[in-house]
Number of protein chains: 2
Amino acid sequence: MSTPIYNRVALIGLGLIAGSMAWAMKRGGVAGEIVGYARSEETRDTVRKLGFCDRVEDSAAAACEGADLVVLAVPVGAMGGVAQEIAPVLADGCTVTDVGSVKRDVIDHVAPHLPDNVHFVPAHPLAGTEHSGPNAGFAELFDNKWTIIVPVPGADRDAVARLTSFWQALGANTDEMDPEHHDLVLAVTSHTPHLIAYTMVGVADDLGRVTDSEVIKYSAAGFRDFTRIAASDPTMWRDVFLTNKDATLEILGRFTEELFALQRAIRTGDGDHLFDYFTRTRAIRRGIIEAGQDTDAPDFGRAQKK
Amino acid sequence: MSTPIYNRVALIGLGLIAGSMAWAMKRGGVAGEIVGYARSEETRDTVRKLGFCDRVEDSAAAACEGADLVVLAVPVGAMGGVAQEIAPVLADGCTVTDVGSVKRDVIDHVAPHLPDNVHFVPAHPLAGTEHSGPNAGFAELFDNKWTIIVPVPGADRDAVARLTSFWQALGANTDEMDPEHHDLVLAVTSHTPHLIAYTMVGVADDLGRVTDSEVIKYSAAGFRDFTRIAASDPTMWRDVFLTNKDATLEILGRFTEELFALQRAIRTGDGDHLFDYFTRTRAIRRGIIEAGQDTDAPDFGRAQKK
Ligand SMILES: NC(=O)c1ccc[n+]([C@@H]2O[C@H](COP(=O)([O-])OP(=O)(O)OC[C@H]3O[C@@H](n4cnc5c(N)ncnc54)[C@H](OP(=O)(O)O)[C@@H]3O)[C@@H](O)[C@H]2O)c1
Ligand SMILES: NC(=O)c1ccc[n+]([C@@H]2O[C@H](COP(=O)([O-])OP(=O)(O)OC[C@H]3O[C@@H](n4cnc5c(N)ncnc54)[C@H](OP(=O)(O)O)[C@@H]3O)[C@@H](O)[C@H]2O)c1
């Protein structure tokens with residue numbers, strides 16, 4: 001077992017992300033002690049049984065006492081309130097980080113509450129599944145995925161470096177970005193795709209002439225990948241869209257513009273426009289496979305693992 | 001080995017679908033002999049090496065001679081031309097079927113060429129992957145998936161029943177539908193989702209302020225599922241949209257309507273609207289898992305199989 005990177009890590013919020021972090025910390029011997037807190041007694045009891053925290057406290061403040069790393073792992077819209085609650089008990093020199101999917105808004109709502117003697121280093125692990133809650137976590141979630149570190153101006157470089165090696169010890173690759181660029185990149189690679197998937201599934205659900213049971217039976221031809229994305233946690237995603245409004249609306253504007261061009265090509269029978277567009281998009285897929293960010297198994301290997 | 005359902009099956013077009021059918025026929029002893037033809041010499045030579053056909057002929061007509069089942073497995077827009085070419089040599093009483101993703105248009109372009117002494121029974125296997133060509137096929141593609149049989153008015157019921165048991169012997173579940181309903185169901189479950197995925201990948205590719213290499217690196221948070229869909233064969237999909245125009249445009253209209261409502265909710269900060277919409281769409285996902293049409297493994301089990 002390697003030397004722990006932090007002596008005591010406090011996880012505030014105990015869902016998919018916090019649970020996966022805890023399992024990965026245990027796997028790698030990354031933390032001396034893991035302390036947890038979640039809002040509901042039900043979640044706290046579940047985590048006591050699951051055992052991914054060494055100790056579960058009944059208040060956020062109690063969980064943070066004496067921690068040298070505090071991780072805010074609640075929905076983006078709840079980050080500010082939690083920061084305010086824990087601020088008085090934070091240990092001198094500790095690092096506070098978060099895992100929120102949006103960064104500008106989290107920084108604006110968390111930073112003002114934190115005392116000057118703690119280091120705030122926001123971060124975002126680009127890894128997730130459609131499941132949520134304390135039972136959903138697993139140690140491998142971050143392996144070979146990217147975690148983006150988003151240091152605030154004037155951040156302490158040692159604190160940033162320590163959090164960076166922490167994420168690497170959890171299996172992730174790391175990169176740094178400023179909050180505005182992070183929010184735009186995520187609007188493209190995650191937020192807008194989720195909104196579109198939710199919309200498509202909503203349309204299918206709503207259609208009188210095609211029943212839900214038909215949609216379900218015949219989903220293998222493309223639709224079911226959308227349903228996985230659109231099964232993600234509603235609270236998390238509501239908060240993402242409310243807090244990354246500008247970038248999401250900008251990308252949505254581009255999306256509808258291009259969709260209308262393709263729609264016109266369908267209407268006018270312009271096969272060349274469609275063919276060229278559909279050819280261009282293949283290169284990105286190849287890049288993703290080559291970068292090791294997806295499997296090339298046909299249909300993700302589903303056919304083999306019924 | 002069970003008794004073959006057809007003595008000689010001719011496959012016209014030797015890509016993903018025909019290849020998978022051949023491997024599944026061999027697995028189940030479903031055909032006495034499998035004869036193949038593809039347009040290009042390269043594909044024919046590849047198939048001779050792969051060995052999923054017992055015989056590969058250098059013309060479609062030669063491949064169809066004496067066959068009691070002829071399968072048209074070329075892009076939808078090429079079906080009519082192939083039907084015209086093979087019509088003169090079709091054996092008395094043989095069945096002609098196709099696997100095209102659109103049915104009304106294929107029926108309109110194929111049926112007029114066929115002589116009265118053959119049975120035309122259109123069908124569509126709802127199974128596919130992002131790969132195409134003769135190397136992409138595998139025996140399990142249709143297992144536990146649906147194949148929709150779309151009999152034309154006045155179809156010979158024995159011919160329909162025989163083709164139905166053929167698809168079941170390839171591993172599929174079968175259903176019957178009329179062509180109009182088929183094309184609408186597929187516009188919802190497959191065609192519009194594909195168009196949307198292509199569009200989203202196109203937008204990402206086109207964005208000056210986020211580079212392609214950023215999109216590729218950070219694709220794990222939702223985007224990469226779209227890229228898989230948008231890596232599908234451009235010729236196939238061009239033909240699908242050109243030939244299932246009305247249903248696709250109708251579903252696209254509904255889609256943009258709902259998307260605009262969500263966009264407005266984001267703009268005005270209407271969290272309840274977003275939350276309710278995102279909650280509703282989860283039920284369909286559960287239905288798909290329960291119906292055995294997808295795996296519930298987090299992230300399709302990708303995390304486990306790097
Ligand atoms: N899921 C992903 O794909 C993903 C990926 C990267 C980053 N993130 C980010 O990670 C964070 C956590 O996501 P997750 O997927 O782990 O969520 P999750 O599984 O739903 O867990 C959320 C946790 O936050 C708590 N919580 C919810 N609302 C709260 C509130 N208003 N006040 C205080 N605590 C609250 C919940 O407590 P109870 O259990 O007691 O209700 C739960 O412990 C979010 O900021 C999200 O944006 C998610
Ligand atoms: N892929 C799917 O997900 C899926 C699912 C269900 C149904 N389908 C339908 O199945 C059919 C075949 O699809 P696939 O995925 O098997 O395609 P594929 O792997 O691309 O193979 C297509 C085959 O058709 C031949 N072909 C292409 N254009 C032709 C033309 N203009 N004239 C004559 N032959 C031509 C090709 O010949 P060369 O190799 O010589 O070029 C190749 O052998 C399509 O109608 C499609 O709509 C596809």
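We name chains A, B, ... by the order of the sequence lines, and we start the count at 1 in each one. Because the structure is predicted, anything quoted here is derived from the model rather than measured.
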B:Trp237 versus chain A, heavy atoms under 4.5 Å apart: side chain, backbone, both or neither?
both
Can you tell which of A:Ala265, A:Ala231, A:Gly292 has the highest number of heavy-atom pairs within less than 4.5 Å of chain B?
A:Ala231
In Å, rounded to the nearest 0.5 Å, how long is the span from CZ of A:Phe255 to OG1 of B:Thr256?
9.5 Å
Chain A shares the most heavy-atom pairs under 4.5 Å, among B:Thr192, B:Leu274, B:Asp206, with B:Asp206
Side chains of B:Pro234 and A:Thr279: does their closest heavy-atom pair fall under 4.5 Å?
yes
Chain A interface, residue from B:Ala261, B:Pro193, B:Ala127 that has the most non-hydrogen pairs under 4.5 Å
B:Pro193
Using the six-membered ring wherever Trp is involved, compare the ring planes of A:Tyr198 and B:Phe278 and label them parallel, tilted or perpendicular (cut-offs 30° and 60°).
parallel
With a 4.5 angstrom heavy-atom cut-off, could you sort out which part of B:Met236 is near chain A: side chain, backbone, both or neither?
neither
Under 4.5 Å to a heavy atom of chain A? For B:Thr281 that would be both
Less than 4.5 Å apart, any side-chain heavy atom of A:Glu250 and any of B:Arg209?
yes
For the side chain of B:Ser190 and the backbone of A:Gly222, is there at least one donor-acceptor N/O pair under 3.5 Å apart?
no
With a 4.5 Å heavy-atom cut-off, do B:Ser219 and A:Ile288 have their side chains touching?
yes
Which bit of B:Ile229 comes within less than 4.5 Å of chain A, counting heavy atoms only: side chain, backbone, both or neither?
side chain
What are the two closest heavy atoms between A:Ala220 and B:Lys145, and how far apart are they?
CB-CD, 3.7 Å
Say whether, by atom type as modelled, one donor and one acceptor occur between the side chain of B:Arg285 and the main chain of A:Arg224 under 3.5 angstrom.
yes
Heavy-atom pairs under 4.5 Å with chain A are the metric here; pick the option from B:Asn244, B:Thr199, B:Asp276 that has the most.
B:Thr199
Cut-off 4.5 Å, heavy atoms of chain A, and the answer for B:His191 is neither
Rounded distance [0.5 Å steps], CZ in A:Phe226 versus CD1 in B:Ile284:
13.0 Å
Between CD1 on residue A:Ile266 and CG on residue B:Leu195, distance to nearest 0.5 Å
4.5 Å
Taking C-beta and beyond as the side chain, do B:Arg267 and A:Asp246 meet within less than 4.5 Å on heavy atoms?
no
Taking atom OH of A:Tyr277 and atom CG of B:Asp205, what is their separation to the nearest 0.5 Å?
8.0 Å
Mind running side chain to side chain contact (heavy atoms under 4.5 Å, CB included) on A:Met177 and B:Tyr218 for me, showing each step along the way?
CA-CA 12 Å; A:Met177 249 182 231; B:Tyr218 309 128; 3.3 Å; yes
Can you tell if the side chain of B:Val185 reaches within under 4.5 Å of the side chain of A:Val215, non-hydrogen atoms only?
no
Take B:Arg280 and A:Val201 through the test side chain to side chain contact (heavy atoms under 4.5 Å, CB included) and record every step on the way to the result.
CA-CA 9 Å; B:Arg280 188 159 68 80; A:Val201 176; over 6 Å; no
Structural part of B:Arg286 lying under 4.5 Å from a heavy atom of chain A
neither
Looking at chain A, which one of B:Ala230, B:Ala283, B:Gly253 has the largest number of heavy-atom pairs inside 4.5 Å, strictly under?
B:Ala230
Test side chain to side chain contact (heavy atoms under 4.5 Å, CB included) on B:Leu252 and A:Leu262; report intermediate values, then the result.
CA-CA 11 Å; B:Leu252 267 179; A:Leu262 288 169; over 6 Å; no
Worked check of salt bridge (charged side-chain N to carboxylate O under 4.0 Å, His left out) between B:Asp294 and A:Arg228
CA-CA 9 Å; B:Asp294 206 353; A:Arg228 185 183 75 88; over 6 Å; no
Give, as side chain, backbone, both or neither, the part of B:Asp212 having an atom under 4.5 angstrom from any heavy atom of chain A.
side chain
Between B:Gly202, B:Ala291, B:Gly287, which residue shows the highest count of heavy-atom pairs closer than 4.5 Å to chain A?
B:Gly202
Contact class of B:Phe260 relative to chain A, heavy atoms under 4.5 angstrom
side chain
For chain B, the option from A:Asp175, A:Leu16, A:Ile289 that forms the most heavy-atom pairs under 4.5 Å:
A:Asp175
Heavy-atom contact with chain B under 4.5 Å, split by part of A:Ser232
backbone
Looking at A:Leu259, A:Leu126, A:Asp272, which one has more heavy-atom pairs under 4.5 Å with chain B than the rest?
A:Leu259
Which atoms of A:Ile148 are under 4.5 Å from chain B, going by heavy atoms: the side chain, the backbone, both sets, or neither?
side chain
Evaluate the side-chain proximity of B:Ile216 to A:Glu290: yes if any heavy-atom separation is below 4.5 Å, no if none is.
no
Check whether A:Arg254 reaches the backbone of B:Ala204 with its side chain - one donor and one acceptor, N or O, closer than 3.5 Å.
no
Measure B:Asp233 against the heavy atoms of chain A and call it side chain, backbone, both or neither at under 4.5 Å.
both
When B:Glu257, B:His194, B:Gln263, B:Met200 are compared by non-hydrogen pairs under 4.5 Å with chain A, the top option:
B:Met200
With side chain to side chain contact (heavy atoms under 4.5 Å, CB included) as the test, would you mind laying out the steps for B:Val210 and A:Leu184 before giving the verdict?
CA-CA 8 Å; B:Val210 178; A:Leu184 181 66; 3.8 Å; yes
Under 4.5 Å from a heavy atom of chain B, the part of A:His273 involved
neither
Any heavy-atom pair between the side chains of B:His181 and A:Glu214 that's under 4.5 Å?
yes
Would you find a donor on one side and an acceptor on the other, under 3.5 Å apart, between the side chain of B:Arg238 and the backbone of A:Gly271?
no
Would you say that A:Arg282 contacts B:Glu130 through its side chain, given a criterion of any heavy-atom pair below 4.5 Å between the two side chains?
no
